[in-house]
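Worksheet: one structure, shown below.
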There are 2 protein chains.
Amino acid sequence: MKLEKTTKVGRAEAKRGYEDACGLAHALELIGERWAPLVLRELWLGPRRFSGLRASLPGISANVLTQRLTGLEERGLVRRKQLPPPSSVPVYQATEWAMEAATTLCQLGRWASRAPGHDPSHPVSPVAIMMSMKVNFDPSLAGDFKGIVAFHFGEARYFAEIRDAQIRVERGDPTSADVTISCDPNALKPVLYGGAPVESLRPEGNIEIARRFMTLFSLPPKL
Amino acid sequence: MKLEKTTKVGRAEAKRGYEDACGLAHALELIGERWAPLVLRELWLGPRRFSGLRASLPGISANVLTQRLTGLEERGLVRRKQLPPPSSVPVYQATEWAMEAATTLCQLGRWASRAPGHDPSHPVSPVAIMMSMKVNFDPSLAGDFKGIVAFHFGEARYFAEIRDAQIRVERGDPTSADVTISCDPNALKPVLYGGAPVESLRPEGNIEIARRFMTLFSLPPKL
DNA sequence: CCGTATCCAATAAGATACTG
DNA sequence: CAGTATCTTATTGGATACGG
């Protein structure tokens, strides 16, 4: 139609910036684009590959994921790496600095889960459910409980360790798990937050530890 | 290929949601739109009117501000009020719940200010500069300093009180200020964070308190 | 399997004018 | 002042198609 650039914008003001010195405005320029915070969430527990990110981010398209990853890389939030040959798989890793934001974003997630409009019936990714454990762990319920629970979500492996009324969540295999749970991330929600029995997940190992573990999380009160 | 819902538009596919039960995804549906976090920032210290918001958000257009305010109101983050007659001015106020998010967003702002790309030469709003004080106050520098500094940014009035190595930032007039500074918010930046002398701002009152006050803030280290 | 490039339709944002 | 209305531009997401 009209190919003429109306020059309204004048110089190459390519990006839409906020022109605001407030750090928050800059945060939005760094991670304010659609999907960006969720990409960071997926990188929270370690490097991931393109297809894994795509699978964990239902609805993102390949081109948008590419844009986000390259954008985040340009801004110093993500580093792209090649695993050593022969695998030579490219993976994306959050920088240490980006990880600090991820911690803050966790809190934002906890805050939002109080909203009346929050629908927990949607699917969750493995990282998302592990993050929910990190953020909804209630130290006051833990007493002197101590245990390591391994989670197998298909090929993906994570574990949570509770000790001294603190929780640690990591990717990979623990040195020694008390109990291992193999399931879909979504199956964990009713057990963690709905009081469903852990037996439904067929835990392997110390079932008593599994049972107790699942009682240590509480969603913040709804509004 | 075999998507049955390929019917182009799909009618009721109203909003673009993330379809992700993770709280963070819902947070983005609540405040992930462009400008939304900055609107909340402006409401951080109390209710504001439409024109004040527009003035503090350089670059936002009236229709987008309207959309944000009505959207935030629908989602329970903002309440619209009418001041009692004869003024009858409509004002927008953040709900208590939204204020919790604002606190987290502050942290995000502090995080982002470490970025190499952060340009502090852009203008800041009164609320933004007050927020920077809140978030960059360094208790370890405060010792037993005690003082109340009032800020007049045109008609807008704010104050900061430091006591017991804590800072409190509010809108309005303090019961008794040690010193009052009338200036543009931007003029405060070099004094707070660049070591410029407070005398350049012509403080009225206890200048020694003003001088000491300005030394109690430190930006996080750049990357 | 890991992406990138391109085209297109649907939205969101921006600029401007205008009304009560 | 407090917004609507309207039009233009930019970004998004989906669907391929294509290269390593």
Side-chain angles (χ1 to χ4, degrees), chain A residues 1-19 28-29 32-36 38-39 47-71 73 78 80-83 85-92 155, chain B residues 1-20 28-29 31-39 47-73 78 80-83 85-92 155:
Chain A
M1 324 235 164
K2 44 202 40 168
L3 309 175
E4 183 168 348
K5 289 231 151 127
T6 45
T7 86
K8 276 306 165 66
V9 177
R11 316 133 306 175
E13 199 71 45
K15 262 189 66 175
R16 269 200 292 217
Y18 287 102
E19 315 264 312
L28 297 177
E29 282 165 2
E33 290 172 305
R34 193 164 159 78
W35 294 107
L38 299 186
V39 170
R48 300 284 297 276
R49 42 169 99 180
F50 193 89
S51 59
L53 291 171
R54 238 190 129 173
S56 292
L57 265 15
I60 198 171
S61 57
N63 50 9
V64 171
L65 180 54
T66 300
Q67 279 179 225
R68 288 303 163 275
L69 288 170
T70 57
E73 188 177 12
V78 162
R80 185 194 168 124
K81 296 192 163 182
Q82 303 270 1
L83 291 186
S87 81
S88 280
V89 183
V91 294
Y92 300 89
E155 297 297 282
Chain B
M1 237 6 184
K2 71 287 215 64
L3 299 175
E4 35 261 35
K5 63 179 296 188
T6 321
T7 60
K8 290 297 196 179
V9 78
R11 269 344 91 198
E13 203 71 45
K15 264 189 66 176
R16 261 199 292 221
Y18 288 101
E19 316 262 312
D20 187 325
L28 298 177
E29 283 164 2
I31 57 168
E33 290 172 306
R34 192 163 161 78
W35 294 109
L38 298 186
V39 171
R48 302 283 298 276
R49 343 173 14 169
F50 192 90
S51 59
L53 292 171
R54 240 191 128 173
S56 292
L57 265 14
I60 199 172
S61 56
N63 50 6
V64 172
L65 180 53
T66 300
Q67 280 178 225
R68 288 303 160 274
L69 288 170
T70 58
L72 291 170
E73 188 177 12
V78 162
R80 186 196 165 121
K81 297 192 163 183
Q82 303 269 1
L83 292 186
S87 82
S88 280
V89 182
V91 295
Y92 300 89
E155 296 298 281

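Please read these numbers as outputs of a predicted model, since none were measured by experiment. Values below: every heavy atom of this structure, side chains too, minus hydrogens, waters and symmetry copies.
- Within 4.0 Å (heavy atoms only), A:Arg54 reaches no atom of the nucleic acid at all.
- When distances run from any side-chain atom of A:Pro90 to the nucleotides C:dG3, C:dA15, D:dG14, the shortest one goes to C:dG3.
- Contact annotation: B:Arg68 does not reach the phosphate of C:dA12 (side-chain N/O to OP1 or OP2, under 4.0 Å).
- Looking at B:Ile31 and B:Val39, their side chains never come closer than 4.5 Å, going by heavy atoms from C-beta outward.
- A sub-4.0 Å separation between OP1 or OP2 of D:dT12 and a side-chain N or O of A:Trp35 is absent.
- Residue B:Tyr92 places at least one side-chain N or O closer than 4.0 Å to OP1 or OP2 of D:dG3.
- Comparing C:dA13, D:dC1, C:dA15 by their nearest atom to the side chain of B:Ser61 picks out C:dA15.
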Between the protein and nucleotides 5-7 of chain D, which nitrogen or oxygen pairs are less than 3.5 angstrom apart?
from  : atom 1 : to      : atom 2 : distance (Å)
D:dT6 : O4     : B:Asn63 : ND2    : 3.2

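- Atom CD of B:Gln82 is surrounded by more than 12 heavy atoms from other residues, nucleotides or ligands within 6.0 Å.
- Between B:Arg48 atom CZ and D:dA2 atom C1' there is a gap of 15 Å when expressed in whole angstrom units.
- Distance alone, capped at 3.5 Å, is enough to place a donor-acceptor pair between the A:Arg68 side chain and the A:Arg34 backbone.
- In this structure, the CD atom of A:Gln67 is 13 Å from the C1' atom of D:dG14, given to the nearest Å.
- Residues B:Ser56 and B:Arg48 share a closest heavy-atom pair of OG-NH2, 3.0 Å.
- For A:Arg80 and A:Phe50, the positive end is not near the middle of the six-membered ring at less than 6.0 Å and at most 45° from its axis.
- The nearest whole Å value for the distance from the CG atom in B:Leu28 to the P atom in D:dT12 is 13 Å.
- In this entry the distance linking CD1 of B:Ile60 with P of C:dA12 reads 15 Å, nearest Å.
- Closest to the B:Phe50 side chain, of the nucleotides D:dA2, C:dC2, C:dG14, is D:dA2.
- The interatomic distance linking A:Leu65 (CG) with D:dT12 (P) rounds to 13 Å, in whole Å.
- For the pair A:Leu53/A:Leu69, a side-chain contact is recorded, criterion being any heavy-atom separation below 4.5 Å from C-beta on.
- Ranking C:dA13, C:dC2, D:dT12 by closeness to the A:Glu33 side chain, first place goes to D:dT12.
- OP1 or OP2 of C:dG3 has not a single side-chain nitrogen or oxygen of A:Thr66 nearer than 4.0 Å.
- We find that CG of B:Leu57 is positioned 13 Å from P of C:dA15, with the value rounded to whole Å.
- Considering only side-chain N and O atoms, A:Arg80 lies under 4.0 angstrom from the phosphate OP1 or OP2 of C:dG3.
- With rounding to the nearest 0.5 angstrom, the CD atom of B:Glu29 is 8.0 Å from the CD atom of B:Glu19.
- Atom CZ of A:Arg34 and atom P of C:dT11 are 12 Å apart (whole Å).
- Remark: A:Arg49 is in phosphate contact with C:dC2, judged by side-chain N or O atoms under 4.0 Å from OP1 or OP2.
- Rounded to an integer number of Å, the gap from A:Leu38 CG to D:dT12 P is 14 Å.
- Where the helix from C:dC2-D:dG19 to C:dG20-D:dC1 starts and where it ends, the local axes point in directions that differ by 40°; five pairs per end, rounded to 10°.
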